[in-house]
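See structure below.
Note that these values count all heavy atoms, side chains included, but never hydrogens, waters or copies made by symmetry.
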Protein chains: 2
Amino acid sequence: MKQLKIKCWIEADGEKYYGPGPHELLKQIQKEGSLSKAAEKMHMSYKKAWAMVQRLNQFSEEALVILKKGGQHGGGAEVSPYALEIMKEYDTLQLKVKQLIDQEGKLLKFLK
Amino acid sequence: MKQLKIKCWIEADGEKYYGPGPHELLKQIQKEGSLSKAAEKMHMSYKKAWAMVQRLNQFSEEALVILKKGGQHGGGAEVSPYALEIMKEYDTLQLKVKQLIDQEGKLLKFLK
DNA sequence: AACCGATATGTTTACAAATACATAACGCTT
DNA sequence: AAGCGTTATGTATTTGTAAACATATCGGTT
């Protein structure tokens, strides 16, 4: 079974910072309200998830993730309204990419 | 400076075997007529290039690279006519992919 | 038969990335 | 002030990948 695959991401200063991984992380943060729980759900170490959030915030015009420590529930994480816009843009981009591979995949003889 | 990037490849049985790397390797083999020279040009170890060729041949209907050892010039490598077809298909696919990112990149607000 | 330049293959070493472990810091609640 | 759950950060360990090194193999030429 052969398959055509495509992946797209955003680079800032030659360094990739927004792609499938960070996109999924943002969705988990939105769902869990916690960076540590989001990392666990993705089977990713907390350190890696934390570093990912730093890059996301650093290279964006506005912060994508707001982290809070201490407080009632010990702290937490949430995605900013700006992040929601970006996530939506990335989703629609992925949709168009998927349409392309579905269309072009049929034309490739070496997929057989 | 932010940039939208995209990459496409072919997987066989969930394992990626044809992508930018192998594609470039085939072009170098075609130019050099030698696997070791092609690997050197790509700053890649001979072992890695050799393993890449094995995967390419294994997952393809017909062999993509013909390796010959011994003989007048010690041996050599060449791409098959079938490989030329695949390389051409991949080139046109990349072109269409590039057109997509050029088109969609303008619509993304978070590229600014 | 000896030589040559390329492929073929195994072993070792080096490096990078991810994880695991440990601990501190924070702020609300009680 | 003590406890809690989370973020924040440093260090050590593991893991996986790539390169480096060594050697064997092949087949034509001389």
Side-chain angles (χ1 to χ4, degrees), chain A residues 7 9 11 14-60 62-80 83, chain B residues 7 9 11 14-60 62-80 83:
Chain A
K7 168 185 167 183
W9 67 93
E11 289 189 1
E15 183 184 357
K16 69 174 65 170
Y17 85 104
Y18 198 101
H23 185 66
E24 177 66 24
L25 182 62
L26 290 182
K27 285 200 287 187
Q28 291 295 336
I29 290 174
Q30 186 181 15
K31 185 187 302 178
E32 300 292 335
S34 154
L35 180 54
S36 55
K37 285 198 180 68
E40 192 178 3
K41 277 286 178 65
M42 292 182 68
H43 306 100
M44 180 191 302
S45 69
Y46 174 80
K47 272 193 86 108
K48 186 177 178 183
W50 182 84
M52 204 174 266
V53 166
Q54 299 309 306
R55 263 206 317 284
L56 285 170
N57 285 343
Q58 174 188 349
F59 288 120
S60 298
E62 306 177 28
L64 300 188
V65 178
I66 291 95
L67 296 173
K68 292 173 182 171
K69 70 175 172 180
Q72 186 168 11
H73 305 90
E78 59 177 359
V79 297
S80 70
Chain B
K7 170 186 166 182
W9 68 93
E11 289 189 1
E15 182 184 356
K16 68 175 65 170
Y17 84 104
Y18 197 101
H23 184 65
E24 177 66 23
L25 181 62
L26 290 182
K27 286 199 287 188
Q28 290 295 337
I29 290 173
Q30 186 181 15
K31 184 187 300 177
E32 300 291 336
S34 154
L35 180 55
S36 54
K37 286 198 180 68
E40 192 178 4
K41 278 284 180 65
M42 292 183 67
H43 305 100
M44 181 191 302
S45 70
Y46 173 81
K47 273 194 85 112
K48 186 177 178 183
W50 182 84
M52 206 173 264
V53 167
Q54 300 308 307
R55 263 207 317 282
L56 285 170
N57 284 342
Q58 174 188 350
F59 288 120
S60 298
E62 305 176 28
L64 300 188
V65 178
I66 291 95
L67 297 173
K68 293 173 183 171
K69 68 176 171 179
Q72 187 167 11
H73 304 92
E78 60 176 1
V79 297
S80 70

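Heavy-atom distances to DNA chain C give each of B:His73 and B:Gln54 a nearest nucleotide, and the one nearer the 5′ end belongs to B:His73. Remark on DNA chain D: of its neighbouring residues B:Lys69 and A:Gly33, the 5'-side contact belongs to A:Gly33, judged by nearest-heavy-atom nucleotide.
As rounded to whole Å, 15 Å separates atom C1' of C:dC26 from atom CH2 of A:Trp50. Look at CG on B:Leu67: it is 15 Å from P on D:dC26, rounded to the nearest Å. Note: OH (A:Tyr46) to P (C:dT19) measures 15 Å, nearest angstrom. Distance NZ (B:Lys48) to P (C:dA14): 20 Å, rounded to an integer number of Å. The distance from atom CD of A:Gln72 to atom P of D:dG3 is 20 Å, rounded to the nearest whole Å. Rounded to whole Å, atom P of C:dA18 lies 12 Å from atom CE of A:Met42. Across the protein-nucleic acid pair, A:Ile66 atom CD1 and D:dT6 atom P stand 18 Å apart, rounded to whole Å. Nucleotide D:dT7 holds its C1' atom 17 Å from the CE atom of A:Met52, rounded to whole Å.
Here B:Lys47 lies in heavy-atom contact (under 4.0 Å) with a base. Here B:Gly70 lies in heavy-atom contact (under 4.0 Å) with a base.
The cationic atom of A:Lys48 (NZ for Lys, CZ for Arg) does not lie both less than 6.0 Å from the six-membered ring centre of A:Trp50 and within 45° of the ring axis.
Side-chain contact check for B:Glu11 versus B:Tyr17: every heavy-atom pair is 4.5 Å or farther apart. The shortest side-chain heavy-atom distance between B:Leu64 and B:Val79 does not fall under the 4.5 Å cut-off.
Of the options B:Met42, B:Lys37, B:Glu40, a side chain to side chain contact (heavy atoms under 4.5 Å, CB included) to B:Gln28 is made by B:Met42 and by none of the others.
Checked by distance alone, B:Lys37 brings no side-chain donor or acceptor within 3.5 Å of a matching partner on the base of C:dG5.
The shortest non-hydrogen separation linking A:Trp9 to A:Gly19 is CB-CA, 3.9 Å.
Within the structure, every side-chain polar atom (N or O) of A:Ser45 is placed at least 4.0 Å from both OP1 and OP2 of C:dA18. Close to C:dT7, at under 4.0 Å from its OP1 or OP2, lies a side-chain N or O of B:Ser36.
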